[in-house]
Amino acid sequence: MKIAVLISGGVDSAVVVDILKRQGHDLHLFYIRIGMDNGEGDCSADEDIEMCTLIARRYGLPLEVVSLHEEYWAHVMQYTLDTVSKGLTPHPDMMCNKIIKFGFFEQRWGHLFDKVATGHYAGVEEKDGIFYLTTAADPVKDQTDFLAQISQTQLSHLLFPLGNLTKAEVRKLAEKAGLPNATRKDSQGICFLGKIDYSDFIERHLGSRPGPVIEIETGRKIGMHKGYWLYTIGQRKGLGLGGGPWFVVRKNIRDNVIYVSHGYETPRQYGRIIDLQQIHWISGQPQMSDDTLKVCFKNRHMPGFIKGTLRLNRLDDSATLFSDSDVQGVAPGQFVILYTVDCHICLGSAMIVAPHTSHRN
């Protein structure tokens with residue numbers, strides 16, 4: 001099979017190359033290059049490309065460095081800035097996969113191959129011509145939450161060879177194969193942005209506007225913040241407040257006020273009713289009883305799942321998710337990732353919106 005492999009310079013995609021090569025496939029390696037927002041190069045990208053070149057030489061494979069710089073900044077990062085400026089919490093990694101890796105790359109290069117393979121920790125299963133996105137064997141590394149906006153067409157053309165492996169097993173395979181990046185640390189941060197600091201990036205583009213930090217229980221001003229767009233619901237670190245822990249529990253966008261609550265177990269940081277819009281089903285809407293569906297879900301990247309009941313609104317594309325347990329940090333703009341009750345199949349995702357007060361009465 002002729003396969004395009006997206007490699008990053010990290011150990012995961014290198015092991016994908018090793019696995020597929022040993023299986024006898026015809027591989028062509030691609031590295032997607034994204035420059036910094038000022039149009040200049042990224043030194044971390046240069047290091048990644050050097051590592052990718054070593055992998056390509058090791059296996060005698062062609063490596064093509066392709067640029068999607070303009071597309072990335074026009075679509076993914078503009079979405080991020082637009083979302084943040086509204087006081088919402090974006091999910092740039094999810095959009096990066098949907099729009100860049102499996103969107104523009106697929107349209108220009110990927111479609112020329114039988115499949116496109118990546119180092120994501122996820123799986124693909126086919127039944128009766130329908131493709132399903134499945135969770136990985138490693139619950140800590142599972143990345144279905146980053147893939148939950150892709151389409152059925154995109155999924156049908158993808159391979160995720162690491163889905164049945166744990167991270168420890170991937171490291172062992174890399175060491176056994178003698179790969180030069182076997183012990184290289186995993187990359188952190190937003191998709192393609194390398195070592196850039198997210199808060200610094202947002203502040204550089206949106207600026208700062210000082211405002212009060214208010215303890216929500218008492219109404220007491222306990223500090224100042226640099227602008228509501230730099231903080232998200234559920235955030236604990238980076239608040240600059242003493243005597244913590246403090247959690248961001250509400251934002252007043254109009255008046256530029258951040259409300260916080262003190263303590264790890266403060267009920268103010270939890271909720272059980274989540275309003276949703278823009279529901280996206282990867283493999284078609286599942287069968288429901290009276291417009292309700294028992295699900296497992298996540299509202300952030302985490303190893304565990306939460307159980308709940310999804311109720312659709314027939315009048316539009318909205319829905320309400322009723323959680324069986326308390327959910328920490330429900331942030332409008334973020335996405336809830338929906339799974340089957342056995343937590344095996346990722347059904348899709350939906351965007352969290354500000355709660356309707358009628359739900360709280």
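Heads up: numbering here begins at 1 and tracks the sequence. Because the structure is a prediction, the values reported are computed rather than measured.
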Is the backbone N or O of [Y] less than 3.5 Å from a side-chain atom of [X], with the two atoms forming a donor-acceptor pair by type?
X    : Y    : value
R171 : A182 : yes
D290 : T292 : no
N181 : G9   : yes
D114 : K2   : yes
D142 : A136 : yes
Q149 : H280 : no
T135 : C343 : yes
Y228 : S85  : yes
T232 : Q235 : no
S261 : V249 : no

**OP:** If a pair satisfies salt bridge (charged side-chain N to carboxylate O under 4.0 Å, His left out) and one of its residues is in residues 214-234, list it, with sequence neighbours excluded.
**Re:** E203-K226, E215-R220
Rounded distance (nearest 0.5 Å) linking atom [atom1] of [X] with atom [atom2] of [Y]:
X    : Y    : atom1 : atom2 : value
E125 : H344 : CD    : NE2   : 3.5 Å
L179 : I55  : CG    : CD1   : 5.0 Å
L27  : L63  : CG    : CG    : 12.0 Å
L155 : Q152 : CG    : CD    : 6.0 Å
L241 : I222 : CG    : CD1   : 4.5 Å
K298 : I337 : NZ    : CD1   : 8.5 Å

State which residues pass side-chain hydrogen bond (donor to acceptor under 3.5 Å, both in side chains) with [X]; sequence neighbours excluded, sorted by chain then number.
X    : result
R22  : D18
K251 : none
T340 : D342
H91  : none

**OP:** Please report the C-alpha distance between Y79 and H75 in whole Å, then the side-chain angles of each, then the deciding distance to 0.1 Å, and finally whether the ring-ring contact (aromatic ring centres under 6.0 Å, His included) criterion is met.
**Re:** CA-CA 6 Å; Y79 146 79; H75 295 274; over 10 Å; no
Write down the atom of [X], the atom of [Y], and the distance for their closest heavy-atom approach.
X    : Y    : result
K115 : S156 : NZ-O, 2.6 Å
P286 : L293 : CG-CD2, 3.5 Å
Y121 : T166 : CE2-C, 4.2 Å
K307 : F297 : O-CE2, 3.8 Å
T134 : V124 : OG1-N, 3.8 Å

Is it true that atom [atom1] of [X] has more than 12 heavy atoms of other residues, nucleotides or ligands lying nearer than 6.0 Å?
X    : atom1 : answer
D316 : CG    : yes
R272 : CZ    : yes
R250 : CZ    : no
E169 : CD    : yes
E70  : CD    : no
D26  : CG    : yes

Original post:
Salt bridge check: are R300 and D145 linked by an N-O gap of less than 4.0 Å?
Top reply: no
Original post:
Between D46 and R33, does at least one N-O distance fall below 4.0 Å, as a salt bridge requires?
Top reply: yes
**OP:** Assign the ring pair H28 / F30 to parallel, tilted or perpendicular, where the plane angle (0 to 90°) is split at 30° and 60°.
**Re:** parallel
Original post:
Does any donor atom in the side chain of T118 or H120 lie under 3.5 Å from an acceptor atom in the other side chain?
Top reply: yes
Original post:
Among R184, K185, K167, which residue meets the side-chain contact (heavy atoms from CB on, under 4.5 Å) test with V11?
Top reply: K167
**OP:** Decide yes or no on side chain to side chain contact (heavy atoms under 4.5 Å, CB included) for M94 and F146, but give the supporting numbers first.
**Re:** CA-CA 5 Å; M94 181 183 282; F146 297 138; 5.6 Å; no
Subject >> Listed once per pair and sorted, the ring pair (Phe, Tyr, Trp, His ring centres under 6.0 Å) pairs that draw on residues 236-278, sequence neighbours left out >> reply: W246-H262
**OP:** For salt bridge (Lys or Arg N to Asp or Glu O under 4.0 Å), just list the numbers for D324 and K294, CA-CA rounded to whole Å, side-chain angles, deciding distance to a tenth of an Å, and then say yes or no.
**Re:** CA-CA 10 Å; D324 291 356; K294 293 288 186 182; 5.2 Å; no
Heavy atoms, side chains only, cut-off 4.5 Å: are [X] and [Y] in contact?
X    : Y    : answer
W281 : L338 : yes
L276 : L310 : yes
L312 : Q285 : yes
W109 : L68  : yes
F160 : L133 : yes
Q334 : N299 : no
L147 : C346 : no
L81  : L206 : yes

